[in-house]
Amino acid sequence: MPVYVESGAAAYHRARGTAMRGCFGATMAVSMMLSPLADAAEKALPKWELGLGGGAVSLPQYMGSDERYTLAVPVPYVVYRGDRFKVDRDGIRAELFGLKQLTLDASFGAGLPVRNSNRARAGMPELKFNFQAGPRLNWQIYDSELSDLKLRLPWRGIIDTSGTTPGWLLEPDLQYRLRPTSQLSLRLNAGILYASRGFNNTYYGVAPQFVTPARAAYTARAGLHSLAAGATVRYAITDDVTLYGALRYRNLKAGVVSNSPLVRSQNYLAIAVGMTWSIWQSDEAATTEEHE
C-alpha cells in the first residue's frame, strides 16, 4: 500500500525543537509531561539544520489488506528556512505571488512492495515498490501563535521500480495544528483520496487468468478511493530531541474499489512512534518568523 508522507515530504525538523513527520503519512500516544507556555522570547530558528529520525511503523500491506507490515525506519533529514523558499517538515515549498498564505510545495509518497505470499493476492503478480511525487498547493486559512488551519491540495504521479507508471493520486485535506505549549504540538487531518483508474486497477483489479473460487474477476475504475483522518503529536524533550507519534485511518467503504475481492478490510490503520535528533544547526538564523 502507498505509505503516504502525509502529506507532504518525508521530512524532519524541529518544532521549537525537532520533529518527524511520517507519511507517508501514520499516530499514537506518546507519554509526556506538559510544560506551561513560555512568555520569554523564543530562540531564533537556524537557517540550516541537519538531523536523524528513527522509529517503528505498523501498517497494512496495502490499503484494503488484512495483513500488516511492521518496520523500523531510520531517516536523515535536512531543513532550510529561507525568506521565500523553505525545505522542512512541510516539504519543499515556496511562497506564491509574495503571499505567505498561499504556498506551493512538493508532495512525496511511496508504495511498499506486496508479494504474492499475501493471501488475498496469492498467485497474482507481485506489486513493486513505487515512488510518488508531485506539486501541492497550500492555502493558510487561519494562523495564530497557538494554532492554524490549512487547506492542502496535493497531486502525485507514480512510478514503480520496473519503470511502469500506474497512474496518479489526488489527496486534498484540511490540516489543523495546535501548539498549546512551546514543547507540545498536535496536528489533525481530514480528507479524501481520489485515485486514477490505473492505480485502482493495479491494486484492486483481478484479470480473468487470476480468478479463483474465492476471487472473482474485477475491473476497477477511477474515483473516490477512501475517506481519511489522522493525528500527529510531537513533544520536544530538549531543543535537539523530540518524540513523535502518528495515527492514520482510512475507510474504503465509500470508495469505488470497496467491492474488489482484494479489499479484505474496509478499515485501514497505520501507527508510528519514534524520535528525532537535531545533530547540527547553522549559526545563521532564519530571518522569517515561523510557527513550527
Side-chain angles (χ1 to χ4, degrees), residues 4-46 49-58 73 75 77 79 81 86-91 93 100 138 140-152 173-191 228-249 269-279 281 285-286 288-292:
Y4 297 102
V5 185
E6 253 276 319
S7 55
Y12 298 80
H13 84 140
R14 70 194 247 171
R16 296 184 175 111
T18 305
M20 168 186 178
R21 144 182 188 192
C23 197
F24 296 174
T27 233
M28 59 131 236
V30 174
S31 224
M32 59 187 75
M33 294 179 61
L34 304 183
S35 65
L37 183 62
D39 292 328
E42 296 179 15
K43 178 182 176 182
L45 295 173
E49 184 175 344
L50 300 176
L52 182 66
V57 58
S58 174
V73 185
V75 181
Y77 70 86
V79 173
R81 301 178 179 94
K86 296 178 175 62
V87 180
D88 63 14
R89 175 179 64 82
D90 289 321
R93 70 189 195 275
K100 292 184 181 297
N138 308 286
Q140 192 83 47
I141 300 172
Y142 166 81
D143 189 18
S144 74
E145 184 67 24
L146 294 179
S147 64
D148 64 75
L149 180 66
K150 183 184 295 183
L151 174 65
R152 308 187 301 174
D173 74 350
L174 276 173
Q175 174 184 273
Y176 175 73
R177 289 195 293 187
L178 177 66
R179 297 171 292 272
T181 76
S182 60
Q183 294 168 286
L184 178 64
S185 173
L186 174 67
R187 184 173 69 248
L188 303 174
N189 300 77
T232 302
V233 62
R234 301 193 309 273
Y235 183 73
I237 300 174
T238 69
D239 282 349
D240 299 327
V241 178
T242 297
L243 300 178
Y244 70 87
L247 177 114
R248 182 73 168 176
Y249 172 76
L269 182 66
I271 302 172
V273 294
M275 66 179 292
T276 59
W277 173 34
S278 178
I279 299 171
Q281 299 110 23
T288 56
E289 180 181 353
E290 293 186 29
H291 303 313
E292 302 203 346

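Just so it is clear, the values below take in all heavy atoms, side chains as well, and ignore hydrogens, waters and symmetry mates. One is the number of the first residue; the rest follow in order along the sequence. No experiment lies behind these values; they were computed from the predicted model shown.
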Self-check item: From Arg234 atom CZ to Tyr244 atom OH, the distance as rounded to the nearest 0.5 Å
Solution: 11.5 Å
Quiz item: How many angstroms lie between atom OH of Tyr249 and atom CD1 of Ile271, to the nearest 0.5 angstrom?
Solution: 13.0 Å
Quiz item: Quick one: CD1 on Ile237 to OG1 on Thr276, what's the gap to the nearest 0.5 Å?
Solution: 9.0 Å
Self-check item: Residue pair Leu174 / Tyr176, side-chain heavy-atom distance below 4.5 Å
Solution: no
Quiz item: What is the distance from atom OG of Ser278 to atom CG of Leu52, rounded to the nearest 0.5 Å?
Solution: 10.5 Å
Exercise. Kindly give the heavy-atom pair with the smallest separation between Thr238 and Val241, and that separation in Å.
Key: OG1-N, 3.0 Å
Self-check item: Residue pair Asp148 / Arg179, side-chain heavy-atom distance below 4.5 Å
Solution: yes
Exercise. Please report the shortest heavy-atom distance between Gly191 and Asp173, naming the atom on each side.
Key: CA-CB, 3.7 Å
Quiz item: Looking at OG of Ser147 and CG of Leu186, how far apart are the two atoms once the value is rounded to the nearest 0.5 Å?
Solution: 11.0 Å
Quiz item: How long is the span from the CZ atom in Arg152 to the CG atom in Asn189, to the nearest 0.5 Å?
Solution: 5.0 Å
Quiz item: Leu45 versus Val79: any side-chain heavy-atom pair under 4.5 Å?
Solution: no
Self-check item: Non-hydrogen side-chain atoms of Gln175 and Asn138 separated by less than 4.5 Å
Solution: no
Exercise. Could you tell me which non-hydrogen atom of Arg248 sits nearest to which non-hydrogen atom of Ala228, and how far apart they are?
Key: NH2-CB, 3.7 Å
